[in-house]
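Structure, as structure tokens:
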Amino acid sequence: MNAKLVIANWKMHGTHATNARLIDALLPSLQGIDGVQVAICPPMPYLAQLSDLLEHTSVAVGAQNISERAQGAFTGEVSGQMLADLGCAYALVGHSERRSLYGETDAQVAMKFEAALNAGLTPVLCLGETIHQRKAGNTNAVIGSQLKAVLDQVGIAKLAKGVIAYEPVWAIGTGETATPEQAQQVHRHIRQVLAARDPALAAGITLLYGGSVKDDNAAQLFAQHDIDGGLIGGASLDATSFVAICQAACA
Ligand code: 13P
């Protein structure tokens, strides 16, 4: 089993004041948890605030998105270098909300993955199927093709420098979690697809599960052989829940 990683995705929530209160409530407990890397992805405008608040702590900062471009006339975009400059260690790429609401394509996601690596960030590649795709029996095919787009762009050696998060679209923000068995099946499939390129690298890559992870289901999910931690949305906005989830990862 790989070292555990738990990432909070705050999505579009927070203010300077609420962020400071949440970090205040989290830090004493998170600092005491051994053996789990924790990262927090606030909205872009608060990256500097979070970097300041988390300086000299074990908790890392990540971005929820990244431009596929290095620099230039791309109004409203934020480059990997800027994110690194703001103290980010991670960048989410291809979150399903970006794919479905903002039309991000597999090709764009692959470029974002590479842009993050180029800036010295750890990309967190999000993959997931819709409920229709699952009901049609296409889960593995969908995940496989999302993965292949990035593998074809960067190759297995670079892909293995990132993290992969399996987030079934139907489980995000719905309260309906994949069962530990459903999640493990897809995680195993992801590892098999990677192992076909390089078994040793595939074994070492961190695979996170995301989608309605709560304090009462985290332990069972994290106990699965191919689940190395979680990407947490709603429950990461509540200090007690998020601490319990991080604790479940070190159990
Ligand atoms: P929820 O935990 O709110 O379902 O969100 C999951 C997610 O999208 C994390 O990136």
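Counting starts at 1 for both ligands and their atoms, following the listed order.
- Listed by chain and number, Asn9, Lys11, His95, Glu167, Ala171, Ile172, Gly173, Gly211, Ser212, Leu231, Gly233, Gly234 each place a non-hydrogen atom less than 4.0 angstrom from ligand 1.
- Pairs passing the side-chain hydrogen bond (donor to acceptor under 3.5 Å, both in side chains) check and including a residue from residues 25-38, sequence neighbours excluded, read Gln31-Ser58.
- Between Cys41 and Ile7, the shortest heavy-atom distance links the atoms SG-CG2, 3.6 Å.
- The salt bridge (charged side-chain N to carboxylate O under 4.0 Å, His left out) test applied to Arg197 returns Asp152, not counting sequence neighbours.
- Among residues at least two apart or in separate chains, salt bridge (charged side-chain N to carboxylate O under 4.0 Å, His left out) pairs with a member in residues 9-18 are Lys11-Glu97.
- One side chain, Tyr166 or Glu129, offers a donor N or O that lies under 3.5 Å from an acceptor on the other.
- Between the side chain of Asp238 and the backbone N or O of Ser241 there is at least one donor-acceptor pair closer than 3.5 Å.
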